[in-house]
Amino acid sequence: MTPFRARARSGAAHPRVLVLTTGGTIAAVRGSDGGLAPAVDAADLRSTLPSPLLERVNVEARALMSVDSAAMDVTSAYAIARHVAAASAGDAVDGIVVTHGTDTMEETALLTDLVLARGGRRRVRVVFTGAQRGADQPGADGPGNLARAVDTASGPAADSEAGVLIAFAGRTMPAWGTRKLSTVDLDAFAAWPDRHEAEQSRRRALAAVPGGGLATGSLPRVDTVALYPGSDAVVIDACRAAGARGIVLEAMGAGNANAAAVRAVRAAAAAGVAVVVTTRVPHGPAFADYGGGGGGTNLARAGAVFSPVLRAGQARILLAALLAAGVGHGEVTRAFTG
Ligand code: ASP
């Protein structure tokens with residue numbers, strides 16, 4: 001590890017990038033139980049960076065946690081987001097890289113974006129990255145992804161307006177609207193294809209959160225419900241009973257359900273539970289188009305709000321953030337749909 005202080009004393013004008021490690025496959029090796037688990041420490045991850053990059057960029061690596069991202073909860077995601085916000089608040093760094101498991105990278109990256117926006121600061125570039133192959137696997141993609149992330153994070157601060165980024169498989173994408181689409185391909189993530197649409201979606205959401213950002217503290221319970229042919233009201237009702245303040249429906253097609261789901265949504269909305277509709281289809285916007293008693297227009301009339309861009313994982317984080325900020329149905333609608 002090369003502490004920034006040493007560089008500062010040397011007077012070098014190299015950009016300073018802080019790498020915060022959290023675990024995930026990028027740091028994982030196969031253990032004695034046969035399963036991949038994070039084990040590689042921050043210094044060893046840093047040591048995979050190529051010398052020319054380390055000569056150009058002053059990199060400090062620091063471990064925040066060492067977990068599989070599927071085991072993360074709101075507390076750990078918040079801890080990462082707050083750490084990034086604190087590190088970006090002073091003048092100590094020019095860019096921040098977060099190494100993270102790919103399973104839930106899209107959620108933590110979006111939460112971090114929201115927390116940073118609350119501070120109104122965009123001086124540093126924040127870049128998430130990870131890997132599809134463990135550190136001890138042939139053709140491990142972690143070192144290449146980390147190098148690209150550090151290189152991106154060391155770029156001009158003005159470019160950080162796009163919000164939190166994800167660098168993966170040679171591409172750099174805005175975190176907003178990006179989701180994991182492959183369990184095995186090295187090119188695991190897909191950005192929302194229309195960058196302008198994704199940016200509009202992000203701006204709408206940030207404008208709808210009071211104070212331009214996210215209330216600190218814990219997020220309220222928001223559940224995700226996957227709909228399927230023949231699904232009934234049981235799970236939606238159970239979420240309400242469990243105290244969910246919001247429910248994200250992963251609907252079929254453009255955002256369709258059935259009459260039982262529509263009835264359950266109407267009852268949830270009447271009880272003050274916010275319902276957001278997204279789709280299980282990987283591509284294309286979710287929107288209210290079909291009727292017939294269970295279609296998207298029926299869900300909308302029952303009180304549900306459509307999330308055209310954000311899929312369930314990120315929609316859940318945004319909805320929880322909005323509810324934490326105490327906004328009502330109007331703001332939730334403006335945040336997701338405009
Ligand atoms: N299960 C791993 C994780 O999300 C997968 C990965 O990092 O690619 O931590």
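In listed order, ligands and their atoms are each counted from 1. Atoms considered below: every heavy atom in the structure, side chains included; atoms not considered: hydrogens, waters and symmetry mates.
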Taking distance alone, with N or O pairs closer than 3.5 Å, would you say [X] contacts ligand 1?
X	value
A131	yes
H100	no
T104	no

(request) Drop me the distance from D185's CG to K180's NZ, to the nearest 0.5 angstrom. (result) 10.0 Å
Heavy-atom nearest neighbour in the protein, as seen from [atom], with distance rounded to 0.1 Å:
atom	result
atom 9 (O) of ligand 1	S69 N, 2.7 Å
atom 1 (N) of ligand 1	D103 OD2, 2.7 Å
atom 8 (O) of ligand 1	T102 OG1, 2.4 Å
atom 3 (C) of ligand 1	D68 OD1, 3.2 Å

Distance-only polar pair, side chains of [X] and [Y], donor-acceptor under 3.5 Å:
X	Y	result
E199	W176	no
H100	T22	no
T25	R133	no

(message) Test of understanding: clusters of I, L, V, M, F, W, Y form through side-chain heavy atoms closer than 4.5 Å, transitively. Do V305 and V273 belong to the same one?
(response) no
(request) Using a 4.5 Å cut-off on heavy atoms from C-beta on, say whether the side chain of E106 contacts that of F128. (result) no
(request) Could you list the atoms of ligand 1 found under 4.0 angstrom from a heavy atom of G24? (result) 7 (O), 9 (O)
(request) Within a distance under 4.0 Å of any heavy atom of T25, pick out the atoms of ligand 1 and give their elements. (result) 2 (C), 5 (C), 6 (C), 7 (O), 8 (O)
(message) For the aromatic rings, using the six-membered ring if either is Trp, is the centroid distance between F287 and F306 under 6.0 Å?
(response) no
